[in-house]
Structures are given as structure tokens and as C-alpha cells.
A.B. asks: 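Pasting a structure here, questions to come.
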Amino acid sequence: MFEKEQNFIADKITQYLKTNNLPEMDVRWAWIPFNGQWGISTSFFQLAARSFGAEKGNVAQKANEIAQGVASAIEMPAGFSKIAAVNGYLNLYFSPADYSRRVVDEVLSAGDDYGKGQPLGKRVMFEFSQPNTHKAFHVGHLRSAFLGDVLSRIAEAAGYDVVRANYPGDMGLHVIKWLWNYLKYHKGEKPEKDITRWMGAMYAEANKRLEENPDLDAEVRAIYSRWDKKDPEIVNCWKETREWSLIGFKEMYEKLDIKFDRYYFNSMFEEPGKEMVAELINRGIADDERPQGGAVIVKLDEKLGLKEEKFRVIVVQRSDSTALYATEDLALARQKFLDYPDLERSYYVVDVRQSLHFTQVFKTLEIAGFDWATRCQHVSYELVNLPGNVVMASREGTVVLLEDLIREATSRALEVVREKNPDLSEESKLKVAEAVGLGAIKYPMVSRDSGKIVTFDWETALDFNGQAAPYIQYAYVRANSILKKYNAPLPESILPDDQLSTSEIALIDLIARMPGEIQKAAKELKPLTVSNMAYELAKAFNDFYGQCPVLIAEEPVRSARIRLVAAAKQAIANSLALLGITAPQAM
RNA sequence: GUCCCCGUGGCGCAAUGGAUAGCGUGCCGGCCUCCGAAGCCGUUGGUGUGGGUUCGAAUCCCACCGGGGACACCA
């Protein structure tokens, strides 16, 4: 917001350094990190250290000398109130009235677009969610879904063209097992409602039967080879039952407000994958050990001439010639770039256990000479576990089903709404409960560093207080409530009193940082940056709310504060939108 | 055995290599005759260990300790 002034001062600094025979420096601005101090700063430590060359010297003292020299040598640009040298830093303090007006005006004129960056003309793809058909959808699957969704929203806001891709696992051993169980024991049955739960239960049943009687494995293998020969009964049954899962998934995505531009199916890549493997064999990249009873493999370390093991060996096709995940991933990666040749980055939002798998796949593609191979990137995240570090596994039955969590969270939220706001219509109460319940589920998944395991427990998941989505939603509702009472068009832009309170300053400061935080989140692929920002905004607003009366304030303070409330409301709404969390008008 | 990730108050988490390490929760105490108490204020308490790099380290490097994960036909 002060680019011109920043560059102006940077030029002045460069000039000063030149006339004083000091080394050049790259002026980088940062926010002054203290509460109640408002402005930007740059430090001179690096410069001071370099100015000594090989000699020793007191860097801190020198840095401060330079800062002081600069501070006294440059004149203050408009919009600032003070320039000072502090402990080796040059601090430029904003003129509060000017600055706050600038920020508030900008937010109000940009509206829903506030915080977004200019279009970059660059396209990226996020592949995420990858649910397995014929299986349950549980809380462990939520992290990829939410992470991918929020990363997509952030990248879009930062100015990228984003392709959201889903890659359902619609074929594999799990599906074959399911089909076996269905054809043998449930032929002709159809799910009435709660489709995903029914599909998951059937899968668990299949596993139980196979565990109790391992002799049945032969029947499962028979189904697999019938599938491979495209036996019409198997193929048709697969098509029909797969559709049931997909219908269930679509319902869930709709509820979670997650959209996809493109569906790639696992099953689409069996044949193309095998063709690519055949080519790899022809070109001497893959070794075909099938004649000796082995599989088709790529000895990555050997091909790269590495002495120590790093990429190891990847199996790209089974010894019985069926496709496995790696086979399909080769073809999928290629397909993405055939569909979108200008893709700058192809992200795979998949859990951390598959890190090696993806480095192997991408390396294989690189060795094969695909120039886009280095544009593929695995975005890994840690698991969602149950207390005691128990992994959620549909086979073990240690899962919390998504539909159960949603039902529980919304009914719990409904209870609270009834208690807090009995005057709302029943319909509004239900809507609020859904917004609050879903927000509460989502927030913890995107407000934690991806590298950290999330432990799911009901108590925490259903706790709506503190650093959680409902807190942010509540701040939004309060802002909205003030504006509703005000009930008139916003006042004209106004230069507020210079005596802004610290809570007003803190709030405006956070709002002003929003565009930078969004860019940072997109660059670092860190949704947590945005969820933190949303929370900080809400906190700052709640603080302001407690300290600064709005409607009963004297003019012109009243008008300035009303505009600030509107700006804060907009900023909170925009940050919630980036998280895919609904901002209710009342709650 | 090799490789990857994590270690910050009792618990759960933040912190572009930068100035005074922030929050939530829990415990205790306070605040609704001013706009919504799903809120606010106050109190308590912390960077696993040992080296190194740097003007400056929770952050980078090395070793160790503790926890989790991946390592040829699962997805």
C-alpha cells in the first residue's frame, strides 16, 4: 500500500550509502513487530557486518550508527509521522489517520476481491481427495480434501488459474474383494440411503470373510483375472456399483462445498500405463524380469549411477502383468500435461506415507525424458489419527465416518443455537448449525502445519470455543449486527482522528497485511497462514468491539468506526471464504 | 540397516534467520442498566540434550535422546 514511498526511501538509503562510502544493500521491508507501534522497518545488521570486511568490529553499534545516519539524512514522505533509528533498525511510523483511511477505503472499494492478487496468467493443478470407491469415506480422508480445496482457493486468490482434479481409486484389489463379496452374497441388492456407509460396510464384510477363511482368496483372484479379461458380468457390475459410490461422494463434496473441474479415474490408466511401461522396457529404462518370474522394475539408483541407495527400485508392473498404482501414476502424470500443456505445476496432495512412491514415479518420468516431470510435486501431509496414535483404517474398523461426524457436529451446533438465539426461525437455526458444525470440523484440519499429525477426538472436534471457526464466525456476526442496527448507507470516506486507539490500530494493521499473507500462503503452500490470519482478524475485531463503542460514539469518530466495522466484516468474510467456511449473518 | 517427518508452558498449537517467543485450552479470579457473554480482562507457566555456523538461531549444520512413518509387485 506504500510501494511508492518504500521505493522512494530505498533510493534515499542507497544514495546515503554511496555518499558515505558504505557497501550497497538490498532494502527489504518488514512490519514493525511490536504491539501499538505502527509502520515498516528495515535492518542494517547485514550491511554493518559486511562493512567491516575481514576485520572484527561491533556490528550492533555500527548498524545503529548507519540507521541513525540514514534517519537524519532523509526527509519524511507524506503519510508517515516519524522516522527513527532503533537498535540498528530504521523504523518508519505511519501517520495513523492517513493510513487507516487508505486501508479502509481500499477494502470497501474492493469488496469481495480485497486481498486477491492480480491475475498471473499461470496455471497450476491440484490433485486431491482421491477417495476409494467401494469403501467408506472417513475423517482421515478429510485432510486431503480440505487441504487441496483450501490450497486451490488460496492459489486462485493469489492470481493463478487453478485446475482442481480428483482421482478416485475405482479399481484395485479392494474393489475386486468388494465385487466378490457382492456377487457371492448380495447379488441384486441396492443401497437405499446412506450409500457410502453401505458401501463401506460391504467392504468391511468382505475383509472379514476373507480373514476368517483364507481359502476364499482363490475366488477373489479368479474375479481379478475375469476383470482383466473384461468379462462383461464383472465389468457391468463394477460400473453399476462404482456409480453408487460416486453418487455418495458427490453428495458429500456438495455438503462440504468442495468442487472439482476434472475427474481422473484410476481405471482409465491401466492400459495407457502398461503401454508406457512397454516403452520403458524397449528403451532399456525398465527391466522386465517377468520371464524369470519377477516383475517389471526400474532400478533408479543404478540408472542414475548412484553408489548409495536413494531412490531404490520401483515396481512399475506386476509379475502377472496387471497394473499397479505406479503403472497408472505414470500415465496419469502424462495425461495431465496432455490436457493442460501450459501447467506450471502439477501438485499431488497425498499423505506423507507416499513420499517415496512419488519421488520414484517422478524420477522415472524424468529419466524417460519428459520435460514436464520436474513440474510434478508431491504436497504431503501427516495423517489424522485416533487417540493413542491409532491409524484410521476401514479394514480394521477403526474409523470415524464423515457422515457421523457431520451429523454430530451439526446437531451439537443446533443445540447451542437454540440456547443462544431462540428467536431465529427454525430454518435459520438449521442453516447456522450447518455452517458452524462444518466450520468447526474444517478449521482444525487446515490450521495445523501439514507436517503434524492431527489427533481426532470427539471432545476437541465438538468444542466450539477458543481458536476455532465459530469464534471467527461470531466476530463476523457481531460486525454484521452493528451494521444492521446502523441501517443506512455507509458514510463517505473520512479522515479519522489521529488519536486512534491501539485496538483500532491493531485491527487496521491486520486488515492491511491480508494481501501479503495470501501471497505468502500460496507461495509456501501453507493454508495455516490464512487460517491464522482469519483468527487474528476475528480476535482483533473482538478486542475492538469491547473497547470502542461505535453507534453511540460522537461524530466524526462514529462515521470512521462504522466504516472500519464494514471493512473488518469484509476482511473476515474474505478470509473465511478462502477457508471454504460459511459466514452466517446471525448465529 | 537406509531415508523422511515431528519434539516450544500440564495439554493442543503459532512464530519471512531479526527487535520483547505469540495463541487456545485447563486452573484460579473478575466483567452483561453501551452496539450479541459462542465474547472480554487478569493470574500462572515454555524452545529435548550437546556442539557448530552467524552481528543475530525455536528456525540452518552435525551428533545424541525421544516419538511417528516409508523402504520390490498395497493403494
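Naming convention: chains lettered A, B, ... in sequence-line order (proteins, then strands); numbering from 1 in each chain. Since the structure is predicted, the reported quantities are computational estimates derived from the model, not experimental observations.
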A.B. asks: Give one of base, sugar-phosphate or nothing for A:Val417, where a contact means two heavy atoms less than 4.0 Å apart.
C.D. replies: base
A.B. asks: Could you tell me the Watson-Crick or G-U partner of B:C13, where both distances fall under 3.5 Å? Say none if there is no partner.
C.D. replies: B:G22
A.B. asks: For RNA chain B, whose closest nucleotide is more 5', that of A:Asn532 or that of A:Tyr535?
C.D. replies: A:Asn532
A.B. asks: If you measure from the P atom in B:G51 to the same atom in B:U59, how many Å do you get, rounded?
C.D. replies: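 Those two atoms are separated by 14 Å.
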A.B. asks: What is the glycosidic conformation of B:C32: syn, defined as within 90° of 0, or anti?
C.D. replies: syn
A.B. asks: Using a strict threshold of under 4.0 Å (side-chain N to carboxylate O), is an ion pair present between A:Asp217 and A:Arg221?
C.D. replies: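 Answer for the salt bridge query: no.
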A.B. asks: Would you measure the distance from the P atom in B:G17 across to the matching atom in B:G30 and give it in whole Å?
C.D. replies: 44 Å
A.B. asks: Once you apply a heavy-atom cut-off of 4.0 Å, does A:Gly546 come out as touching a base, just sugar-phosphate, or nothing?
C.D. replies: nothing
A.B. asks: At under 4.0 Å between heavy atoms, what does A:Gln354 touch on the DNA or RNA strands: base, sugar-phosphate, or nothing?
C.D. replies: base
A.B. asks: Are the charged groups of A:Lys431 and A:Glu434 less than 4.0 angstrom apart, N to O?
C.D. replies: no
A.B. asks: Work out how far the C1' atom of B:C28 is from that of B:U33, and round it to whole angstrom.
C.D. replies: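 Result for the C1' pair: 29 Å, nearest Å.
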A.B. asks: Distance-only, no hydrogens or angles: does the A:Trp227 side chain make a donor-acceptor pair with backbone N or O of A:Trp238 under 3.5 Å?
C.D. replies: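 Checked: no pair found.
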A.B. asks: Identify whether any heavy atom of A:Asn389 sits under 4.0 Å from a base atom; if not, whether one sits that close to sugar-phosphate; answer base, sugar-phosphate or nothing.
C.D. replies: sugar-phosphate
A.B. asks: Quick one: look up who B:U43 pairs with, Watson-Crick or G-U, both distances under 3.5 Å, and put none if it's unpaired.
C.D. replies: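 Paired with B:U43, as far as the under-3.5 Å criterion goes, is no nucleotide at all.
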A.B. asks: Which part of the nucleic acid does A:Lys520 contact within heavy-atom distance under 4.0 Å: base, sugar-phosphate only, or nothing?
C.D. replies: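 Answer is sugar-phosphate: A:Lys520 comes under 4.0 Å of backbone atoms only.
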A.B. asks: Could you tell me the boundaries of the chain A footprint on RNA chain B, defined by atoms under 4.0 Å from its heavy atoms?
C.D. replies: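 Footprint of chain A along RNA chain B, 5' to 3': B:G1 to B:A75.
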A.B. asks: Decide yes or no for A:Asn421 and A:Met587: does some side-chain heavy atom of the first lie under 4.5 Å from some side-chain heavy atom of the second?
C.D. replies: no
A.B. asks: When all nucleic acid strands are considered with a 4.0 Å heavy-atom cut-off, which category describes A:Val352: base, sugar-phosphate, or nothing?
C.D. replies: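 No contact.
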A.B. asks: Checking base pairs now: Watson-Crick or wobble, both atom distances under 3.5 Å. What partners B:G7?
C.D. replies: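 Checking every strand shown, B:G7 finds its partner in B:C65, with both distances under 3.5 Å.
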A.B. asks: After noting the C-alpha distance and the side-chain angles of A:Tyr89 and A:Phe45, does the key distance pass the ring pair (Phe, Tyr, Trp, His ring centres under 6.0 Å) rule?
C.D. replies: CA-CA 8 Å; A:Tyr89 292 81; A:Phe45 291 100; 5.5 Å; yes
A.B. asks: Return the pairing partner of B:A58 with a 3.5 Å limit on both distances, Watson-Crick or G-U wobble; otherwise return none.
C.D. replies: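 Its partner: none found.
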A.B. asks: For A:Glu328 and for A:Val432, find the nucleotide of RNA chain B with the closest heavy atom, then tell me which residue's nucleotide is more 5'.
C.D. replies: A:Val432
A.B. asks: Does A:Glu382 come within less than 4.0 Å of A:Arg143, counting only side-chain N to carboxylate O?
C.D. replies: no
A.B. asks: Under 4.0 Å, heavy atoms only, any strand: does A:Asn87 hit a base, just the sugar-phosphate, or nothing?
C.D. replies: nothing
A.B. asks: Check the orientation of A:Phe456 and A:Trp458. Use parallel for under 30°, tilted for 30 to 60°, and perpendicular for over 60°.
C.D. replies: perpendicular
